[in-house]
A.B. asks: 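Structure provided below as structure tokens; questions to follow.
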Amino acid sequence: MDKSTWTFAGHDTLCVDDPIQFGVSAAQRLLWGKRVIIMGCSVQRDLYKDIVLLLQEQRYLTKQENKVKGPKTVVNDILLDGGIFEELKNDPLYREVREYRQGEFHVRFYFITKSFNSIVWAFVHNIYADFHPDVFFINSAIWDVNRGGIPFDRFAYKQNVRLICKRLVFLFSSNCRLIWLHQPPVTQKCSSGGIVQPADREVLKFNVLQWIEEAVCIAENVAKQLGFETIDLYHLMKHRLNWIAKDGVHWASEGYRCMSLLVFHKLSDMYNIPLPEEGVQYEYP
């Protein structure tokens with residue numbers, strides 16, 4: 001494998017310091033009339049929840065809204081498939097499809113545990129058949145690294161990222177903005193718990209930070225080569241680790257709000273929509 005793909009192509013100049021805070025009206029103006037797909041793991045699921053919440057209320061997610069997995073509804077969305085309708089399990093075959101649809105706002109989330117497999121490809125086919133997105137966000141890294149076998153198979157990950165990116169470009173690039181959302185940083189604690197087999201935990205514990213960074217670099221290079229925009233949540237959130245949860249993967253509500261604002265900054269730049277002139281204050285539930 002070409003080791004140049006282990007080097008990050010270039011740091012994102014987007015909002016390295018504090019992003020402008022969007023209120024409900026600014027968030028609505030940005031996403032009005034846009035059909036949005038967010039595809040990724042549970043971190044992207046919580047980001048989806050926060051974006052949907054900010055289309056409705058000027059507050060942070062509650063702890064329950066933040067942590068809940070697979071409910072019939074949260075922040076006024078609906079569960080379309082998987083989740084509580086099936087078995088709630090920490091498993092590579094777990095599925096969850098959620099949707100928020102209100103007036104001119106239409107946001108859908110797909111839970112995936114690998115950058116490319118039959119589940120991901122089936123989701124993409126369904127999206128192509130009935131959704132016609134304007135913006136498509138995708139990320140996959142933490143499960144690829146933690147459940148892809150020890151050691152991290154960089155070549156397989158690169159091939160899978162290339163496969164999904166090429167197919168998304170073929171199906172959607174003519175009328176959709178394709179954006180790779182990089183995995184936010186993790187801590188070594190993400191190598192414990194049910195996500196990995198006990199025999200692999202010690203090996204993963206001492207390598208997971210390096211492997212996640214390598215996965216981010218690989219995805220950055222492949223995605224940009226194929227014409228994707230990228231949002232570098234890995235580096236942009238690295239100095240905000242005080243918001244990371246005890247499990248070393250998930251984030252407090254303030255962390256997800258920061259990620260949402262970074263996404264909004266990127267969309268404002270892409271669509272040439274001015275940033276809000278003044279920040280706002282978010283209420284704590």
Side-chain angles (χ1 to χ4, degrees), residues 19 21-28 30-31 34 36-91 94-103 105-113 135 137-139 142-143 181 183-187 189-190 193-195 231 233 237 240-264 267 279-285:
Q21 293 175 310
F22 282 64
V24 171
S25 59
Q28 291 179 345
L30 187 60
L31 294 184
K34 296 181 178 65
V36 180
I37 292 289
I38 300 175
M39 183 177 286
C41 68
S42 54
V43 174
Q44 285 75 49
R45 177 177 60 205
D46 291 335
L47 174 59
Y48 152 84
K49 294 177 197 171
D50 190 73
I51 289 173
V52 166
L53 174 63
L54 195 49
L55 289 172
Q56 306 169 73
E57 299 182 58
Q58 212 152 278
R59 65 171 175 87
Y60 293 108
L61 290 165
T62 67
K63 288 185 178 180
Q64 175 64 16
E65 289 167 341
N66 189 337
K67 294 181 179 180
V68 68
K69 174 181 179 179
K72 290 183 179 179
T73 183
V74 62
V75 293
N76 296 316
D77 77 342
I78 59 171
L79 176 68
L80 296 180
D81 194 14
I84 203 170
F85 295 147
E86 299 177 2
E87 183 181 356
L88 293 175
K89 55 186 178 180
N90 194 19
D91 185 274
Y94 175 75
R95 299 182 312 125
E96 185 176 343
V97 182
R98 314 196 63 83
E99 181 177 77
Y100 173 74
R101 189 170 187 174
Q102 184 67 40
F105 305 107
H106 199 170
V107 187
R108 190 181 288 181
F109 168 78
Y110 290 82
F111 182 90
I112 61 173
T113 60
V135 187
F137 296 99
I138 183 170
N139 168 266
I142 187 68
W143 282 76
L181 277 175
Q183 174 71 39
V186 300
T187 72
K189 289 185 178 180
C190 78
I195 199 171
I231 301 180
L233 295 181
M237 297 299 294
R240 297 178 167 100
L241 293 179
N242 57 307
W243 287 331
I244 205 164
K246 291 181 179 179
D247 65 5
V249 178
H250 299 94
W251 294 73
S253 298
E254 294 92 338
Y256 290 117
R257 178 53 48 83
C258 185
M259 294 181 208
S260 295
L261 297 177
L262 293 167
V263 167
F264 287 170
L267 291 176
V280 299
Q281 294 296 319
Y282 301 119
E283 294 180 7
Y284 284 90

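Residues take their numbers from the sequence shown, with the count starting at 1. Remember, predicted model here, so these are calculated numbers, not experimental data.
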A.B. asks: Could you tell me whether Arg98 and Glu96 have a side-chain N and a carboxylate O separated by less than 4.0 Å?
C.D. replies: yes

A.B. asks: Restricting to non-hydrogen atoms, name the atom on Leu55 and the atom on Val24 that form the minimum distance, rounded to 0.1 Å.
C.D. replies: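 In terms of heavy atoms, the two residues are closest at O-CG1, 3.7 Å.
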
A.B. asks: Scan Asn66, Asp46, Val186, Ile244 and name whichever one has a side-chain contact (heavy atoms from CB on, under 4.5 Å) with His250.
C.D. replies: Asp46

A.B. asks: Assess whether a salt bridge exists between Lys189 and Asp247, defined as any Lys/Arg side-chain N lying under 4.0 Å from an Asp/Glu carboxylate O.
C.D. replies: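 Result for this pair is no, no salt bridge flagged.
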
A.B. asks: Any side-chain heavy atom of Val107 sitting closer than 4.5 Å to one from Glu99?
C.D. replies: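 No; the side chains remain at least 4.5 Å from each other.
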
A.B. asks: If we only count heavy atoms from C-beta on, is the Leu261 to Cys258 side-chain gap below 4.5 Å?
C.D. replies: no

A.B. asks: Testing the 3.5 Å rule here: is there a donor-acceptor pair between the side chains of Gln56 and Asn76?
C.D. replies: yes

A.B. asks: Is there a side-chain contact between Leu233 and Val43, using heavy atoms and a 4.5 Å cut-off?
C.D. replies: no

A.B. asks: For the atom pair NZ (Lys49) and OG (Ser260), what is the distance rounded to the nearest 0.5 Å?
C.D. replies: 12.0 Å

A.B. asks: Measure the CD1-CG distance between Ile51 and Leu30 for me, rounded to the nearest 0.5 Å.
C.D. replies: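 Answer rounded to 0.5 Å: 9.5 Å.
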
A.B. asks: Is it true that the side chains of Tyr284 and Glu254 contain a donor and an acceptor less than 3.5 Å apart?
C.D. replies: yes

A.B. asks: With a 4.5 Å cut-off on side-chain heavy atoms, are Leu54 and Arg257 touching?
C.D. replies: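 The answer is yes; the side chains approach within 4.5 Å.
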
A.B. asks: State, with a plain yes or no, whether a side-chain heavy atom of Phe137 is found less than 4.5 Å away from one of Leu267.
C.D. replies: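 Heavy-atom side-chain distance check passes, below 4.5 Å.
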
A.B. asks: Between Asp50 and Met259, is a side chain to side chain contact (heavy atoms under 4.5 Å, CB included) present by the stated rule, with each step listed?
C.D. replies: CA-CA 9 Å; Asp50 190 73; Met259 294 181 208; over 6 Å; no

A.B. asks: Are Asp77 and Tyr48 close enough that a side-chain donor and a side-chain acceptor fall under 3.5 Å?
C.D. replies: yes

A.B. asks: Does this structure show an ion pair linking Arg95 with Glu86, if we count only N-O contacts that are shorter than 4.0 Å?
C.D. replies: yes

A.B. asks: Does one side chain, of Tyr110 or Arg108, offer a donor that lies under 3.5 Å from an acceptor on the other?
C.D. replies: yes

A.B. asks: With heavy-atom distances below 4.5 Å as the criterion, would you say the side chains of Pro285 and Lys63 are in contact?
C.D. replies: no

A.B. asks: What I'd like to find out is whether the side chain of Leu181 reaches to under 4.5 Å of the side chain of Leu47, using heavy atoms alone.
C.D. replies: yes

A.B. asks: Parallel, tilted or perpendicular: which describes the rings of Tyr94 and Phe111, with under 30° parallel and over 60° perpendicular?
C.D. replies: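 The arrangement is perpendicular - the two ring planes meet at more than 60°.
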
A.B. asks: Under 4.5 Å between any side-chain heavy atoms of Gln44 and Phe109, yes or no?
C.D. replies: yes

